[in-house]
Engineer: 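I'd like to ask some things about the structure below.
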Amino acid sequence: YQPKFGFVHTSTFAEDELSSRVALKTLEILERDSSRVAADAAAFERRVRERVARIQSACPGVLSEVRGRGFLLGIEFNFTDDAKIPTILHTIHQAGFATYIFSSFLLARHGVRVGVTLSKPDTLRLEPSALIREESVEQFLAGLDELLLSSELRQLARSVREKVEAAGFGGILSDDRAFTGESYTP
């Protein structure tokens, strides 16, 4: 055994005193503040569920559901054939990229990092820090509103169309409804 190895390299079986100390301190803080963390997690979940319900009322059929509890939530988008979103987004979803585009939008426009659920690619994964501030929660919710309640889906579809045409594939999807989502009316 060489003591430097644990400091320079990471491994399940290598010495890693620093990470162990950080983990123990984290557990200590979570135990000490458990009631506050639980209350904050419940408040976060409630706010997300309320905002999603509002979006579902304004744009029926775009979001399927919110799953999970507390600080571990998933927002599932509706990509079924009868969903009221532009056809191009259905196509992007079938290729497995729709929620990547949505998460990129939230990061680029609102500075909010959310995850894509690899096992369920129509679901955005929300896993904020237990120390998330109210302003950050509102920043995410405002981004979700902008993505779904404004004309962002149609603008996103138009942007994809421009890129498809610029790449020389414009004739593949010539029906404007594929890009404008006429049935999608927020």
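Side chains are part of it too, since the values below use all heavy atoms of this structure and drop only hydrogens, waters and symmetry mates.
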Engineer: According to a 4.5 Å side-chain heavy-atom criterion applied to Ile, Leu, Val, Met, Phe, Trp and Tyr, with indirect links allowed, do L131 and L126 form part of one hydrophobic cluster?
Structural biologist: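 Shared cluster, no.
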Engineer: What do the steps show when you test H110 against L147 for side-chain contact (heavy atoms from CB on, under 4.5 Å), and what is the final call?
Structural biologist: CA-CA 10 Å; H110 294 275; L147 175 64; over 6 Å; no
Engineer: CZ of F97: more than 12 outside heavy atoms within 6.0 angstrom?
Structural biologist: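 Count not over threshold, so no.
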Engineer: Please find the pair of heavy atoms, one from A98 and one from F79, that lie closest to each other, and give the distance.
Structural biologist: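 Smallest heavy-atom distance, with atoms named: CB-CZ, 3.4 Å.
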Engineer: Membership question, hydrophobic clusters at under 4.5 Å side-chain separation (ILVMFWY): are L106 and L72 in the same one?
Structural biologist: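 No; L106 is not reachable from L72 via cluster members.
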Engineer: Begin from the C-alpha positions of V48 and I75 and carry the test side-chain contact (heavy atoms from CB on, under 4.5 Å) through to its verdict.
Structural biologist: CA-CA 9 Å; V48 170; I75 298 177; 4.1 Å; yes
Engineer: Just list the side-chain donor-acceptor pairs under 3.5 Å for residues 22-33, sequence neighbours left out, or say none.
Structural biologist:
unit_1: K25; atom_1: NZ; unit_2: E28; atom_2: OE2; d: 3.1
unit_1: T26; atom_1: OG1; unit_2: V22; atom_2: O; d: 2.9

Engineer: I'd like to know if the side chain of T99 and the backbone of T123 have a donor-acceptor N/O pair within less than 3.5 Å.
Structural biologist: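 The answer is no, because no donor-acceptor pair under 3.5 Å joins these two groups.
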Engineer: Can you tell me if R49 uses its side chain to pair, donor with acceptor, with the backbone of V66 under 3.5 Å?
Structural biologist: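 Confirmed, R49 side chain pairs with V66 backbone.
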Engineer: Looking at L63, is its backbone amide N or carbonyl O close enough to the side chain of Q56 to form a donor-acceptor pair, meaning the two atoms are under 3.5 Å apart?
Structural biologist: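 Present.
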Engineer: Mind listing the closest non-hydrogen atom pair of S103 and V114 along with its distance?
Structural biologist: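 So the two residues come closest at CB-CG2, 3.7 Å.
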Engineer: Parallel, tilted or perpendicular for F77 and F102, by the 30°/60° rule?
Structural biologist: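 Taking F102 first and then F77, their aromatic rings sit tilted (interplane angle of 30° to 60°).
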Engineer: Membership question, hydrophobic clusters at under 4.5 Å side-chain separation (ILVMFWY): are L107 and I101 in the same one?
Structural biologist: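 I101 does not cluster with L107.
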Engineer: Taking the side chain as every heavy atom from C-beta outward, state whether E138 and R51 have any pair of such atoms under 4.5 Å apart.
Structural biologist: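 Yes, their side chains come closer than 4.5 Å.
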Engineer: Is it true that, when you exclude R36 itself, more than 12 heavy atoms of the residues, nucleotides or ligands shown sit nearer than 6.0 Å to its CZ?
Structural biologist: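 More than 12 within 6.0 Å, yes.
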Engineer: Return the OG to CZ distance between S104 and R113, rounded to the nearest 0.5 Å.
Structural biologist: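 CZ of R113 is found 10.0 Å from OG of S104.
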Engineer: So L73 and F44, do their side chains get closer than 4.5 Å, heavy atoms only?
Structural biologist: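 Result yes, sub-4.5 Å side-chain heavy-atom pair found.
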Engineer: Mind checking the CG-OH spacing from L124 to Y100? Nearest 0.5 Å is all I need.
Structural biologist: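 The CG atom of L124 sits 11.0 Å away from the OH atom of Y100.
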Engineer: Which heavy atom of G68 sits nearest a heavy atom of E45, and at what distance?
Structural biologist: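 For G68 versus E45, the nearest heavy atoms are O-OE2, 3.9 Å.
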Engineer: Ignoring hydrogens, what is the shortest heavy-atom contact between V37 and A130? Give both atom names and the distance.
Structural biologist: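 Closest approach of V37 to A130, heavy atoms only: CG1-CB, 4.0 Å.
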Engineer: Show the numbers, then the answer: is there a side-chain contact (heavy atoms from CB on, under 4.5 Å) between R54 and E50?
Structural biologist: CA-CA 6 Å; R54 194 179 93 208; E50 286 171 358; over 6 Å; no
Engineer: Check whether R125 reaches the backbone of V116 with its side chain - one donor and one acceptor, N or O, closer than 3.5 Å.
Structural biologist: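 Indeed, once roles are kept as given, a pair shorter than 3.5 Å links the two residues.
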